[in-house]
Participant: 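Questions regarding the structure given below will be posed in turn.
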Amino acid sequence: MTERLGIVTNASLEKGADVRLDSPVSVEDMVVGRYVTIEGQKRRFFGMITDVRLGVTDERLSVSPPDIDDPFIKDVLTGTSTFGQIHVTPMLTIGGDADSMLEGPQPVKTIPTHFSAVNLASEADIERVFGKEDKERFFVGNPLDMETRLCLNLEEFVKRSNGIFGKSGTGKTFLTRILLIGMLQKSQAVNLIFDMHNEYGWQGTSEGGPPVKGLKQLFADSVAVFTLDEESSRRRKVSTDFVVKIGLNEITPEDIAILRSTLNLTDLAVEAAYELRKRLGRDWLNKTLAMDEEEIREIIKGATIHESSFQSLKRGLGTIGRLGFVMPETKDEAVSNILDFLQQGRNVVLEFGRYQEISAYLLVANLLSRRIYSRYQQRMEEAIAADNEAMKPRPLVITIEEAHKFLNPEVADKTIFGTIAREMRKYNVSLLVIDQRPSGISEEVMSQMGTKITCLLDNERDIDSVLAGVSGKNELKSVLSRLAPKQQALIFGHAVPMPVSFQPREYGSAQSYKDFLPSDKTATKPPAEDIEKLWE
Amino acid sequence: MRFINNRTDKIAEVIEASTAQFTAQCYELYGLPPLGSLVKTGDIYGIVCHAETAGIEPGRKPIARGKDEASEEGVYQSSPQLAKLLRSQFTAVVVGYKDGDRIYQHLPPQPARIHGFAYLCQPDEVKEFSESFGFLNILNNAALPVSTEELVSAALRQMSLAHEDSRAFLVAGGKEIANLLSSDFIRLKNILGRLK
């Protein structure tokens with residue numbers, strides 16, 4: 001079913017096409033973000049409505065308006081002297097010949113001819129562009145105002161680092177849950193989720209509703225919940241697989257450098273940490289905390305550290321030492337356990353329990369990720385050296401929240417996440433970044449993200465940073481800033497052929513959980529038509 | 001508005017004809033078709049754009065006769081020669097012609113013939129003719145003795161009577177004019193104001 005909207009009256013590749021609406025079509029039915037197709041002479045174009053306008057043929061009409069109470073005059077003028085216009089940004093095109101049909105949609109390099117007809121995109125059109133749900137594609141939601149299922153190719157999705165952005169309360173967490181389930185089902189990748197607010201593992205909260213199920217409740221076999229805070233997990237009746245402890249002996253000066261601003265350390269204090277490590281060796285942190293006055297004096301003298309820097313550092317280290325999950329010494333068990341689970345194809349959610357302060361999150365996420373990443377790097381290099389595909393570790397996606405704390409320009413070079421984001425898939429590790437202040441993330445990291453999904457953002461700088469480098473930025477900006485405050489998102493980038501605003505699929509009702517579970521039984525049953533054929 | 005008793009009858013005879021318009025004299029005094037109505041002579045269609053009743057001799061003007069009469073009709077009854085001394089005639093602007101079964105809404109190759117009979121078109125024919133609005137452009141550009149706004153609106157009003165849904169017809173016609181007069185909203189407003 002196609003619905004004709006109007007005709008193209010003006011177009012440029014750079015600025016998009018102006019479409020004059022036919023008189024029965026009301027501008028009020030046209031919403032920014034909807035999909036349309038343009039039937040050119042030789043090819044079809046797919047585009048998105050990015051602006052809606054009113055037009056008049058004679059300026060005098062707006063100066064001395066007609067008698068609008070008269071329905072007759074209104075009927076006559078609608079669509080003739082006064083008309084609706086939409087602005088369409090063409091994004092993809094399919095040629096008319098057989099070859100280009102097979103090739104599928106291509107990025108737009110030309111524009112439709114004058115007076116090409118413009119239709120609302122039908123469900124079949126959307127399906128042609130985004131594909132059907134299959135073993136790689138996962139149903140993530142519906143394009144705005146449409147019933148069609150929008151499917152995302154998750155195999156492609158996990159090949160790059162990706163970002164989910166949006167103001168707080170716009171549904172980032174729900175969206176992330178849906179994507180995590182998708183990755184779990186449709187891709188080879190395993191996930192490691194640093195779950196700051198205990199939202200993903202066992203059960204999560206929903207604003208003004210009952211709690212929603214977490215990943216483990218739905219997929220007990222393929223999800224493991226690790227916790228930093230056993231007590232809190234037990235209180236919340238979460239069945240955990242492992243309790244993570246961090247040893248002071250595992251913390252390096254690099255970890256302290258990232259915590260500089262959260263621990264309120266001076267640059268010199270961070271320098272002091274490197275100096276101490278050099279002098280005291282691997283167990284520098286334990287030794288530093290245990291020093292008495294005498295030893296302190298001695299080391300300050302020998303190592304050219306200013307006393308105030310040392311005190312500042314010591315205060316900061318004390319804060320770390322007081323965290324409940326920090327032990328004087330551990331044997332790297334957490335990392336090897338996580339790696340074992342990941343290697344078995346089980347996704348790991350690390351709950352932070354009551355340790356929701358940002359310093360704990362930064363410390364743990366960075367520390368664990370760095371070690372995991374270095375193991376991955378090692379294995380990957382071995383696999384490449386042996387030229388053995390089977391030796392390559394499973395692709396890993398690390399999910400981090402509050403990403404701007406890890407990836408801001410100041411620390412992005414120092415954290416492991418900056419490295420992962422930049423080096424992309426070289427070592428089979430990528431990031432899923434969740435953040436509400438994308439403008440805080442380093443430009444370099446943002447530019448390396450493959451697919452970005454963004455819920456409503458209303459800060460100009462955040463919008464700019466999310467859309468940086470996207471073609472048709474200004475048009476998308478108007479789409480983005482008009483998303484509903486809840487449960488609407490815009491996705492664009494590597495994994496989708498063109499940007500699309502959509503409503504994420506339902507998450508939270510009994511039926512929605514059922515829909516997520518793989519329907520193996522129904523898949524093996526032959527479709528009804530085939531049975532019909534047997535009778536012929 | 002006067003009605004002609006039998007609408008299929010000829011009502012007038014062409015006495016002057018050119019490519020763009022023709023003038024016909026009515027057989028009956030005051031037997032004039034309404035302003036804006038569709039008339040035809042031969043295969044040529046016209047829209048009545050002007051009508052007049054005057055003495056047959058240009059030099060002789062009628063004089064007032066009804067001082068002692070009780071009614072206007074009485075004037076004509078007591079002076080029966082008046083019907084012969086006065087005549088009604090109308091001018092129609094040519095808006096199209098019929099060739100075989102097809103109606104063309106542009107000027108015919110030949111003008112109407114003198115002494116051709118003129119008929120008032122019947123509703124069916126009006127309906128058939130008004131399926132297309134090409135004539136509006138001719139009216140819009142013709143040199144007319146009355147204002148274009150008046151004639152265009154009169155023509156559409158007359159034609160709308162032949163349509164069951166006359167409002168829908170007027171809206172469609174109005175839209176056509178709106179397109180023709182897209183750069184002249186004031187004229188458009190004047191016409192639309194006369195269509196109601």
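Heavy-atom basis, side chains included; hydrogens, waters and symmetry copies ignored. Residue numbers start from 1 in every chain, and the chains themselves are labelled A, B, ... in the order their sequence lines are given, proteins ahead of strands.
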Participant: Is it true that, when you exclude A:Lys15 itself, more than 12 heavy atoms of the residues, nucleotides or ligands shown sit nearer than 6.0 Å to its NZ?
Facilitator: no
Participant: Taking the side chain from B:Lys175 and the backbone from A:Ser81, do they hold a donor-acceptor pair closer than 3.5 Å?
Facilitator: no
Participant: Give a yes or no on whether B:Gln110 atom CD has more than 12 heavy-atom contacts from other residues, nucleotides or ligands under 6.0 Å away.
Facilitator: no
Participant: Is the number of heavy atoms from other residues, nucleotides or ligands within 6.0 Å of CD (A:Glu14) greater than 12?
Facilitator: no
Participant: Can you confirm whether more than 12 heavy atoms, excluding those of A:Arg53, are under 6.0 Å from its CZ atom?
Facilitator: yes
Participant: Would you say A:Arg461 has more than 12 foreign heavy atoms packed within less than 6.0 Å of its CZ?
Facilitator: no
Participant: Once rounded to the nearest 0.5 Å, what's the spacing between atom CG of B:Leu192 and atom CZ of A:Phe72?
Facilitator: 6.0 Å
Participant: For the side chain of A:Asp58 and the backbone of B:Phe185, is there at least one donor-acceptor N/O pair under 3.5 Å apart?
Facilitator: yes
Participant: To the closest 0.5 Å, what do you measure between CZ (A:Arg60) and CG (B:Leu188)?
Facilitator: 10.5 Å
Participant: Identify the heavy atoms of A:Ser64 and B:Ile186 that sit nearest to each other, and give their distance.
Facilitator: OG-CD1, 4.5 Å
Participant: I need the minimum non-hydrogen distance between A:Thr57 and B:Ser182, along with the two atoms involved.
Facilitator: OG1-O, 2.9 Å
Participant: Should we count NE2 of B:His115 as having more than 12 external heavy atoms under 6.0 Å?
Facilitator: no
Participant: May I have the step-by-step check of side chain to side chain contact (heavy atoms under 4.5 Å, CB included) for B:Lys189 and A:Leu61, ending in yes or no?
Facilitator: CA-CA 9 Å; B:Lys189 200 157 105 174; A:Leu61 200 63; over 6 Å; no
